[in-house]
Amino acid sequence: MELKRVMDRVYWLFDKRRTLVTLSAYGSNSVYGEKVFNVDGKIYREWIPYRSKFASAFYKGLNGVDIRDSYKVLYLGASSGTTVSHVSDIIGVTGQVYAVEIAEEMAVSLILLSEERRNIFPIVDDARKPENYSDYVPKCDLLYQDVAQRDQTEIFIKNAELFLKSGKIGIFAVKTRSIDVSMDPREVVRNETRKLREKFDIVREINLYPYQKDHSLLILRKK
Ligand SMILES: C[S@@+](CC[C@H](N)C(=O)[O-])C[C@H]1O[C@@H](n2cnc3c(N)ncnc32)[C@H](O)[C@@H]1O
C-alpha cells in the first residue's frame with residue numbers, strides 16, 4: 001500500500017484502487033462502517049465519497065483547502081457525525097469542531113462520538129439562530145455547512161458574519177433541489193453565488209455528481 005499526500009492528514013491510499021483516507025487522530029475504531037488501514041503503524045480511515053460531500057469534492061478534483069492542525073471549525077448540519085469525524089482527524093487533538101445539529105435523534109450519535117473524540121463539541125440547536133450558541137462558539141478558521149434547507153444561503157451568511165474570521169474559508173454544500181425543484185440546478189447555484197459575492201470571494205464551485213445528486217460544493221473566502 002502506498003500513500004500520496006493530498007493535504008495535512010488527508011491522503012490517497014493506493015492499493016488495487018485509489019481510496020481517500022484521513023490519518024486518524026483518535027485510535028483505530030471505525031466510526032460509521034468505513035474501512036480502517038494500518039500503514040507502518042499509523043491508522044488511516046477511509047473517507048467515503050458517497051457518504052460525505054467533502055470527500056466527494058476530492059474525488060472531483062479538489063486538491064486541498066485551508067484546514068489544518070489546531071484549527072477551530074464551525075460545522076452546521078452535523079447529522080450523526082460522519083464528515084465531522086474526518087474534520088476531527090484533520091484538525092487533530094488540539095483543534096476544535098463545533099458541530100451544530102437540529103435533529104435530536106441524529107445528535108445522539110454525535111454526542112456519543114464526542115465522548116471518544118474530545119475535539120468535537122456538539123451543539124443541538126438551529127443554525128438559523130446562531131445567537132443561541134454565540135456565547136460558546138469562538139471566532140473560527142473554517143465554516144462548513146451542509147443543512148439542505150431552502151434558506152441555506154441566508155443561514156450560511158448569518159453564521160459567517162458572526163463566527164468566520166476575515167480571509168478564512170467557508171465550505172458550503174448547496175443542495176439545488178432544496179431551493180427550487182423546477183429550476184435548472186446551474187441556475188440555482190448562479191443565483192445563490194450572486195447573493196454571496198458581496199461578502200465572499202468565490203474560490204471554486206464543484207459539482208458533486210455522480211457521488212452526490214443535486215449538490216454543488218462552494219469554496220468561499222470571507223472578504
Ligand atoms: C445532509 S445532512 C448532513 C450530513 C453531514 N453533513 C455529513 O456529511 O455527515 C443535513 C443535516 O442538517 C440538519 N439540519 C437541517 N436544518 C438544520 C438547521 N436549521 N440547523 C441545524 N441542523 C440542521 C439535518 O437535521 C441533517 O442532519
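Nothing fancy with the numbering, it's 1 onward along the sequence. What's counted below: heavy atoms across the whole structure, side chains too, no hydrogens, waters or symmetry copies. Counting starts at 1 for both ligands and their atoms, following the listed order.
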Out of V87, D151, N159, I102, the nearest non-hydrogen contact to atom 23 (C) of ligand 1 is supplied by I102
Ranking E101, Q152, E105, K175 by closest non-hydrogen atom to atom 27 (O) of ligand 1, top hit is E101
Write out the residue and atom name of the closest protein heavy atom to atom 16 (N) of ligand 1, then the distance separating them to 0.1 Å.
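So the nearest neighbour among protein heavy atoms is Q149 NE2, 2.9 Å.
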Is it the side chain, the backbone, both or neither of A127 that has a heavy atom closer than 4.0 Å to ligand 1?
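Both of them.
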Using a 4.0 Å heavy-atom cut-off, say whether D125 meets ligand 1 through its side chain, its backbone, both or neither.
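It is the backbone that gets close, since no side chain atom is under 4.0 Å.
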Qualifying residues under side-chain contact (heavy atoms from CB on, under 4.5 Å), relative to D8, sequence neighbours excluded
R5, R68
Those atoms of ligand 1 less than 4.0 Å from some heavy atom in R128
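The atoms of ligand 1 under 4.0 Å from a heavy atom of R128 are 19 (N).
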Looking at A103, which atoms of ligand 1 are within less than 4.0 Å of one of its heavy atoms?
25 (O)
Quick one: are K168 and Y71 in side-chain contact, heavy atoms under 4.5 Å?
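Result yes, sub-4.5 Å side-chain heavy-atom pair found.
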Under a 3.5 Å threshold, yes or no: a donor from one side chain and an acceptor from the other, between S52 and T82?
no
Considering both backbone and side-chain atoms of D146, is one of its nitrogen or oxygen atoms within less than 3.5 Å of a nitrogen or oxygen in ligand 1?
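The answer is yes, given that D146 and ligand 1 share an N or O pair closer than 3.5 Å.
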F200: ring pair (Phe, Tyr, Trp, His ring centres under 6.0 Å) partners, not counting sequence neighbours:
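Only F156 meet the ring pair (Phe, Tyr, Trp, His ring centres under 6.0 Å) criterion with F200.
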